[in-house]
Amino acid sequence: GEDVEQSLFLSVREGDSSVINCTYTDSSSTYLYWYKQEPGAGLQLLTYIFSNMDMKQDQRLTVLLNKKDKHLSLRIADTQTGDSAIYFCAETDQAGTALIFGKGTTLSVSS
Amino acid sequence: DVKVTQSSRYLVKRTGEKVFLECVQDMDHENMFWYRQDPGLGLRLIYFSYDVKMKEKGDIPEGYSVSREKKERFSLILESASTNQTSMYLCASSERGRAYEQYFGPGTRLTVT
């Protein structure tokens, strides 16, 4: 079945780059997504990438997609303490009606 | 701005009680979703609805039911709460055909004692 895997924790120092990795199983996914959950809040869509793209850049965020290896990564440049959150990788299910989320990576940024 | 609200941020119930979790969205979205979030397990889909009175089972529907009588409101019902249903419950909504762009409520932390 469909599955999304990501590491559970990442700790970085303020000003460093963060890279959060994700692997997925459904090669038919048209889009892949990154959601962010700040402490005490619901999730919000951070960015997404279309499956025919290799890279997407949006200010401090860079998404890289390796379709051959079914590997997705989110790079945050110049990480700030406000970036501390849980980051979820997600893909659409085969019916395209719902999202399948990874378990979430908790990013901890120390000053 | 899309707003998804959930009736309670924190809820404490006893084993065997019937529990209602309410979710309301104000953007006329067709799709609505209920998830539970547990440490180390991420988000798991309980039920979703793509229209009024329509519902589809997600990955973990056992022990839950849902109701969607009005477009803006999606209720999650625990018929007889059990301690293993202690969790964070998140509601989300999205436009039809845009299930990937979901807008989430702040969550309800339910504790069943």
Side-chain angles (χ1 to χ4, degrees), chain A residues 1-9 20-26 28-51 53 56 58 63 65 72 85-108, chain B residues 1-10 21 23-25 27 29-51 54-61 66 74 88-109:
Chain A
E2 304 132 329
D3 196 17
V4 178
E5 297 282 342
Q6 49 184 129
S7 53
L8 293 182
F9 298 101
I20 301 171
N21 294 301
C22 169
T23 57
Y24 60 97
T25 56
D26 186 3
S28 66
S29 289
T30 306
Y31 291 92
L32 292 142
Y33 315 94
W34 284 103
Y35 275 77
K36 177 183 180 183
Q37 183 181 32
E38 294 182 352
L43 280 70
Q44 62 182 98
L45 180 62
L46 193 60
T47 187
Y48 61 92
I49 187 167
F50 190 49
S51 59
M53 297 169 67
K56 179 181 179 182
D58 183 3
V63 180
L65 176 60
L72 182 72
I86 305 175
Y87 292 82
F88 291 90
C89 172
E91 63 173 348
T92 45
D93 65 3
Q94 288 195 344
T97 54
L99 285 173
I100 300 167
F101 288 89
K103 292 179 172 53
T105 299
T106 298
L107 174 64
S108 175
Chain B
D1 265 359
V2 177
K3 197 161 184 184
V4 180
T5 55
Q6 295 183 228
S7 49
S8 307
R9 291 298 304 269
Y10 301 94
L21 302 182
C23 175
V24 177
Q25 50 94 4
M27 283 302 291
H29 284 171
E30 288 81 10
N31 301 329
M32 295 189 76
F33 307 83
W34 274 108
Y35 297 88
R36 64 177 282 177
Q37 182 179 13
D38 300 288
L41 296 178
L43 269 73
R44 292 179 292 168
L45 181 64
I46 305 171
Y47 267 97
F48 67 98
S49 168
Y50 52 87
D51 206 343
M54 306 301 286
K55 61 184 178 183
E56 292 283 340
K57 291 180 181 178
D59 299 319
I60 50 162
V66 290
F74 192 33
M88 171 69 86
Y89 290 88
L90 293 167
C91 174
S93 73
S94 74
E95 291 180 44
R96 190 189 309 282
R98 294 174 70 92
Y100 54 87
E101 190 172 354
Q102 296 183 19
Y103 294 85
F104 282 79
T108 296
R109 183 164 294 283

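Residue numbers begin at 1 in each chain, while the letters A, B, ... track the order of the sequences. What you are looking at is a predicted structure, and each value in this text was computed from that prediction instead of being measured.
- Of the two parts of B:Tyr50, neither the backbone nor the side chain holds a non-hydrogen atom closer than 4.5 Å to a non-hydrogen atom of chain A.
- Only the side chain of B:Gln37 comes within less than 4.5 Å of a heavy atom of chain A; its backbone N, CA, C and O stay farther away.
- Looking only at heavy-atom pairs under 4.5 Å with chain A, the residue among B:Ser94, B:Gly40, B:Ala92, B:Gly107 that has the most is B:Gly40.
- When heavy atoms are compared at a cutoff of 4.5 Å, A:Gln6 does not approach chain B at all.
- The distance from the OH atom of B:Tyr35 to the CZ atom of A:Phe101 is 4.5 Å, given to the nearest 0.5 Å.
- Residues B:Phe48 and A:Leu99 fail the side-chain proximity criterion, which asks for heavy atoms closer than 4.5 Å.
- Residue-environment remark: CZ (A:Phe50) exceeds the threshold of 12 foreign heavy atoms within 6.0 Å.
- In A:Lys56, the NZ atom is crowded: over 12 heavy atoms of neighbouring residues, nucleotides or ligands sit closer than 6.0 Å.
- Ranked by heavy-atom pairs under 4.5 Å with chain A, the list B:Arg109, B:Glu101, B:Gln102 is led by B:Gln102.
- The part of B:Arg9 that comes within reach of chain A is its side chain, from C-beta onward, which places non-hydrogen atoms under 4.5 angstrom from that chain.
- There is no contact between A:Ala90 and chain B, counting heavy-atom distances below 4.5 Å.
- By the 4.5 Å heavy-atom criterion applied to side chains, A:Leu43 and B:Leu43 are counted as neighbours.
- Looking at A:Tyr48, neither its backbone nor its side chain comes within 4.5 Å of chain B, counting heavy atoms on both sides.
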